[in-house]
Amino acid sequence: MLKVVKFGGSSLASAAQFAKVGDIIRADESRKFVVPSAPGKRNSKDTKVTDMLYKCYAKAEADEDFKDVLKKIKERYNSIINGLNLNLSLEDEFKTIEKNFKAKAGSDYAASRGEYLNGIIMANYLGYEFIDAATVIFFDEDGNFDAEKTDKVMSARLAEVEKAVVPGFYGAMPDGSIKTFSRGGSDITGSIVSKAVHASVYENWTDVSGCLVADPRIIKDAKPIKVITYRELRELSYMGASVLHEDAIFPVRHAGIPINIKNTNAPEDDGTMIVANTVQKAEYTITGIAGKKGFVAVSIDKDMMNAEVGFCRKALSAFEDNGISIEHMPSGIDTMTVFVHQEEFEGKEQQVISSIRRNCNPDVIDLEADLALIAVVGRGMRSTRGTAGRIFSALAHANINVKMIDQGSSELNIIIGVSNNDFDNAIKAIYDIFVETQI
Ligand code: ASP
């Protein structure tokens, strides 16, 4: 058994949290590779160290005095070091950071120091080797993650050590400069390390006991999901469920390594297992519900559209030419509707409309804004009749007007479009029918 364990910012926000993490790691010999985030918030009013670093660097870049902010960051680390009674000083590291900030080393470099320093503390605390992520994670010239080179170099390097700490969130560009993943990217590092060492499981430790069937801000006491497949999770995280960075799935998915989401504050809870495949039935017909607000529906009508070869392609190229990504595209016989992000679309709407007119000369173009999309996801839907019927009768009972329905051919998800104002109530109605009352 070999486990890679990644700890999120709230799990490492203070010495007390570090101590819990130490107990978790020491409780299981197979937890040999550790990926830490930067210290997160200690309470709801606190600031993440990553955000402090961005702020500090913005001052440095503007040639303003950044010493005070840097001092506050140093204090956060020192309170962890002192609270754990470690014999460690980060003085020299902070001198280097200050020098590099003055030399304008870049905001990615700045942000990455959060994980880098926390990694040094973690390695010292556990007695594990520290491996700088810049020596084992690589990006290509265009700034895309270089999976091949990373896997080769990282597997060779990690094979030399028994136990190690690899800080999350960053790697190196071909010229050696530091680049980070997008926010929350330590999850990706954990996944890459898991693949490189062929871990039996990738444990991702956070402050909730796994994924929940629905957003707890909308459904109080939402039920946890015990087992979910990568595909289901991908659908849910794309639609806004935020327990794991959406790109963290890919490296382990290819290697077939399960991810276990666990809670640092309640380590005995099972959490959620994310797996490639399972014969375990989900507890409910649906595995989860997630959604996003802020879409516009662009409906394009033209008589005999279905007989006109290339109509859809011409209409869609109007979006592509204006750099607008398309979210969903339900269609009728003489009509097609394109769902796009309102924020992206607003500034360019007139250009897009005139391009559509030019490209395919439609009869009518209709716009409807302030829409929300809700994804109801579940492998259990494939083998159950009447799921769609239950969803729509629940929505009808809740007086919610359904604007769009799209069921993927995989039968893994049903996407429903409603007005932004109906978003919360729609999720409540669907949750209620499948999880609470189960009728
Ligand atoms: N510290 C980074 C952030 O706040 C990365 C991470 O925590 O995963 O986004």
Side-chain angles (χ1 to χ4, degrees), residues 4-14 17-18 20-21 33-58 69-70 72-74 76-77 80 90 93 97 101 105-123 130-134 136-137 139 143 145 150 165-172 178-195 202-208 211 233 237 240-252 259-265 274:
V4 170
V5 286
K6 179 260 167 180
F7 291 89
S10 60
S11 301
L12 299 169
S14 64
Q17 288 300 89
F18 253 81
K20 287 185 197 169
V21 167
F33 294 95
V34 182
V35 177
S37 279
K41 293 183 182 189
R42 292 161 293 187
N43 53 60
S44 58
K45 292 198 188 75
D46 204 10
T47 311
K48 285 175 156 202
V49 164
T50 309
D51 292 317
M52 295 168 89
L53 284 161
Y54 278 123
K55 185 173 155 200
C56 186
Y57 186 73
V69 193
L70 196 61
K72 286 211 180 88
I73 296 170
K74 200 198 291 183
R76 291 240 12 210
Y77 285 105
I80 296 173
L90 295 178
E93 294 291 350
I97 291 172
F101 273 30
S107 66
D108 278 21
Y109 165 80
S112 75
R113 297 305 86 185
E115 276 57 21
Y116 171 81
L117 296 170
N118 231 16
I120 293 177
I121 297 180
M122 178 67 92
F130 173 77
I131 296 180
D132 185 352
V136 284
I137 293 191
F139 294 88
F145 170 57
T150 298
V165 173
V166 183
F169 195 35
Y170 69 93
I178 298 288
K179 174 158 173 65
T180 63
F181 293 108
S182 57
R183 294 299 302 265
S186 298
D187 285 340
I188 307 174
T189 310
S191 187
I192 295 167
V193 173
S194 301
K195 178 167 191 271
Y202 166 24
E203 287 182 347
N204 187 295
W205 292 81
T206 171
D207 52 9
V208 289
C211 313
L233 185 72
S237 46
S242 64
V243 76
L244 192 75
H245 191 295
E246 55 171 315
D247 294 341
I249 294 173
F250 298 112
V252 285
I259 308 174
N260 191 187
I261 309 279
K262 298 272 287 175
N263 188 350
T264 300
N265 305 316
I274 307 165

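Index from 1, following the sequence. Basis for what follows: all heavy atoms, side chains included, without hydrogens, waters or symmetry-related copies. Remember, it's 1-based here, ligands and their atoms both numbered in the order they're listed.
Across Cys56 and Phe101, no two heavy atoms sit closer than the pair SG-CE2, 3.7 Å.
Against a heavy-atom cut-off of under 4.0 Å, Glu115 is close to the following atoms of ligand 1: 1 (N), 2 (C), 5 (C), 6 (C), 7 (O). Annotation for ligand 1: atoms under 4.0 Å from non-hydrogen atoms of Arg183 are 3 (C), 4 (O), 9 (O). When each atom of ligand 1 is checked for a heavy atom of Thr50 under 4.0 Å away, the hits are 1 (N), 2 (C), 3 (C), 4 (O). For ligand 1, the atoms closer than 4.0 angstrom to any heavy atom of Phe169 are 2 (C), 5 (C).
For Lys6, no nitrogen or oxygen atom sits less than 3.5 Å from a nitrogen or oxygen atom of ligand 1, counting backbone and side chain alike. Not one N or O of Asp187 is nearer than 3.5 Å to an N or O of ligand 1, by distance alone. In terms of polar-atom proximity, Ala38 is not counted as a contact of ligand 1, lacking any N or O under 3.5 Å from an N or O of the ligand.
Annotation: atom 6 (C) of ligand 1 to nearest protein heavy atom, Ser186 OG, 3.3 Å. Looking only at protein heavy atoms, the nearest one to atom 7 (O) of ligand 1 is Ser37 OG, 3.1 Å.
Using a cut-off of 4.0 Å between Lys/Arg side-chain N and Asp/Glu carboxylate O, Lys41 and Asp207 are scored as not salt-bridged. A salt bridge between Asp108 and Arg113 is absent, with no side-chain N of the basic residue lying under 4.0 Å from a carboxylate O of the acidic one.
A heavy-atom separation below 4.0 Å is not found between Gly9 and ligand 1. For the ligand labelled ligand 1, residue His245 lies outside the 4.0 Å heavy-atom shell. Within the 4.0 Å heavy-atom shell around ligand 1 one finds Gly185.
Looking at heavy atoms from C-beta onward, Ser237 lies out of side-chain contact with His245 at the 4.5 angstrom threshold.
In this structure, OH in Tyr116 is found 7.5 Å from CD1 in Ile97, a value given to the nearest 0.5 Å.
In this structure, Lys20 places its NZ atom where more than 12 heavy-atom neighbours from other residues, nucleotides or ligands lie under 6.0 Å away.
A donor-acceptor distance shorter than 3.5 angstrom exists from the side chain of Tyr202 to the backbone of Asp187, with no hydrogens or angles considered. Counting only distance, with no hydrogens or angles, the side chain of Asn260 and the backbone of Glu203 share no donor-acceptor pair below 3.5 Å.
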